[in-house]
Student: 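What follows is a single structure, and I will ask about it in a moment.
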2 protein chains.
Amino acid sequence: MDNKALLHKHGLRITDTRLAVLSLLQNSSKALSQSDVERSLPQQADRVTLFRVLQAFEDAGLAHKVMDAHGVARYASCAPTCSTEQHQDSHAHFHCTQCGDVYCLEDVELPKVKVPKGFKQQESHLEVEGRCAACA
Amino acid sequence: MDNKALLHKHGLRITDTRLAVLSLLQNSSKALSQSDVERSLPQQADRVTLFRVLQAFEDAGLAHKVMDAHGVARYASCAPTCSTEQHQDSHAHFHCTQCGDVYCLEDVELPKVKVPKGFKQQESHLEVEGRCAACA
DNA sequence: CAATATTTGCAACCGACTTGCAAATAATGC
DNA sequence: GCATTATTTGCAAGTCGGTTGCAAATATTG
């Protein structure tokens, strides 16, 4: 399925910016921040637009958001099984504490955890911190 | 050991603000953001001072920092075994995606993870997301 | 109590995030 | 293809957390 169909399937209108951001995410090995996207985008687009595009992707289940070590949001394209209702996101992430880059790691089996009474568990991920190859 | 001695042991001068922030962290079941601290502090203190106090605590191994679901730094007092060189922080945290509160969970055994060549692993923690009792 | 090193408060700045609103544009039906 | 409608975009502007430089206040030491 091409990306136009993918956008349509998730109820989003097809625009140049959305198509470009979507392929950017799909072709990246790392999770990208909004300013990463802004810098790498072939065309130029307003920051607010990029903010809303990424937000729309997350809401639509096209991307998920992960906070980097500096508290900045980064986005990575979702597995095809993600939907609006249920993000499939139980993998592990590596966070470089120096440059802030976030990498998806191989899937690992996460331990089950007890939460206090009344708490609702949704998803969980393992966060590994350290230095990436470039910063180590 | 009282908190004055604790500060001294970690190489920090004893000030009213530091003592107050330290007990605040020790008596909280949740990790506190800088503005949480500012609001809960019996005395008033400049936000820059609180920023630096929390930063000093982290550097000294008196508190650790964890990012909440909104990318805001939150601090929790360290186990007595923490030091400047090595934070003991392999437990799990619960992040409420609505109010942003962060709770420490019981210790769990974390799975070992392979990281790409050249990457240096430092610490890792399990992040469980969902809604806390108040928000669910 | 004096000398010194640290800590504090203030002003000020940065970057990420966010909203309201009007203009531009994609989708829909004819 | 064209008009209508609902969405998306860009701009202005504001919020908030994080951060630094510097001078005044304060803790420690002898």
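In what follows, chains carry the letters A, B, and so on, assigned in the order in which the sequence lines appear, proteins first and then strands, with residues in each chain numbered from 1. Here the structure is a predicted model, which is why all the values come from computation and not from measurement. No hydrogens, no waters, no symmetry mates; every other heavy atom, side chains included, goes into these values.
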Student: Considering only heavy atoms and no angle criterion, is a donor-acceptor pair shorter than 3.5 Å present between the side chain of A:R47 and the base of C:dA16?
Tutor: no
Student: Give a yes or no on this: more than 12 heavy atoms of other residues, nucleotides or ligands lie within 6.0 Å of atom NE2 of A:H70.
Tutor: yes
Student: Go through C:dA26, C:dA16, D:dG18 for me and flag the one nearest to the A:R13 side chain.
Tutor: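 It is C:dA26.
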Student: Toward the 5' end of DNA chain D, which comes first, A:A45 or B:G71, by nearest nucleotide?
Tutor: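 Whichever sits nearer the 5' end wins; that is A:A45.
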Student: When you measure from the side chain of A:V48, which nucleotide among C:dT8, D:dC11, D:dA27 comes out closest?
Tutor: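 The answer is D:dC11.
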Student: Starting at CD1 of B:I14 and ending at C1' of D:dT28, how long is that distance when rounded to a whole Å?
Tutor: 9 Å
Student: Which sits closer to the 5' end of DNA chain D, B:Q55 or B:D16, going by the nucleotide each is nearest to?
Tutor: B:Q55
Student: Nearest to the side chain of B:R18, which nucleotide is it out of C:dT7, C:dA16, D:dG17?
Tutor: C:dT7
Student: Could you check which of C:dT19, D:dC11, C:dT6 has an atom nearest any side-chain atom of A:F51?
Tutor: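 The closest nucleotide is C:dT19.
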Student: So which one's nearest nucleotide on DNA chain C is more toward 5', B:Q44 or B:H70?
Tutor: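 The answer here is B:Q44.
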Student: In terms of side-chain heavy atoms of A:R52, which of C:dT19, D:dT28, D:dT20 is nearest?
Tutor: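 So the side chain of A:R52 is nearest to C:dT19.
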Student: So B:A56, base contact, sugar-phosphate only, or nothing? Heavy-atom distance under 4.0 Å.
Tutor: nothing
Student: So, B:D36 and B:R74, do they make that salt bridge, N to O below 4.0 Å?
Tutor: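 Salt bridge flag = yes for B:R74 with B:D36.
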Student: Could you give the NE2-to-P distance, from B:H8 to C:dT6, as a whole number of Å?
Tutor: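 Going from NE2 in B:H8 over to P in C:dT6 covers 14 Å.
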Student: Would you sort out whether A:L32 and A:L54 count as a side-chain contact (heavy atoms from CB on, under 4.5 Å), showing the intermediate values?
Tutor: CA-CA 10 Å; A:L32 302 177; A:L54 292 168; over 6 Å; no
Student: What integer distance in Å separates B:D46:CG from C:dC10:P?
Tutor: 6 Å
Student: Can you list the residues that meet the side chain to side chain contact (heavy atoms under 4.5 Å, CB included) rule with A:T15, with sequence neighbours excluded?
Tutor: A:T17, A:R18
Student: Can you measure A:F57 atom CZ to D:dT8 atom P for me and round it to whole angstrom units?
Tutor: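 That distance rounds to 11 Å.
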Student: Between A:S23 and A:N3, is the side-chain contact (heavy atoms from CB on, under 4.5 Å) condition met? List the steps.
Tutor: CA-CA 8 Å; A:S23 5; A:N3 283 339; 4.3 Å; yes
Student: Find the distance A:D68:CG to D:dG17:C1' and express it as a whole number of Å.
Tutor: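 The distance from CG of A:D68 to C1' of D:dG17 comes to 14 Å, rounded to the nearest Å.
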Student: Figure out the CG/C1' separation between A:L50 and D:dC11, and round it to whole Å.
Tutor: 14 Å
Student: Verify the ring-centre separation between B:F119 and A:F94: is it less than 6.0 angstrom?
Tutor: yes
Student: Would one find a side-chain N or O of A:T49 under 4.0 angstrom from OP1 or OP2 of D:dG10?
Tutor: yes
Student: A:S35 or B:V53: which one's nearest nucleotide on DNA chain C is closer to the 5' end?
Tutor: B:V53
Student: What is the distance, rounded to the nearest whole Å, between atom CD of A:E58 and atom P of C:dT18?
Tutor: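 Roughly 10 Å, once rounded to whole Å.
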Student: Let's see if you can work this out: which of D:dT8, C:dA16, C:dT8 has an atom nearest to the side-chain heavy atoms of B:T17?
Tutor: C:dT8
Student: Rounding to a whole Å, what distance do you find between B:E38:CD and D:dG17:C1'?
Tutor: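 Taking atom C1' of D:dG17 as the reference, CD of B:E38 is at 11 Å.
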Student: Can you see if the side chain of B:T15 gets near the phosphate of C:dT8 - specifically, an N or O under 4.0 Å from OP1 or OP2?
Tutor: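 For C:dT8, OP1 or OP2 has a side-chain N or O of B:T15 closer than 4.0 Å.
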Student: Mind checking A:S33 for me? I need base, sugar-phosphate or nothing, with any heavy atom below 4.0 Å counting as a touch.
Tutor: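 Nothing: the residue A:S33, judged by heavy atoms under 4.0 Å, touches no strand.
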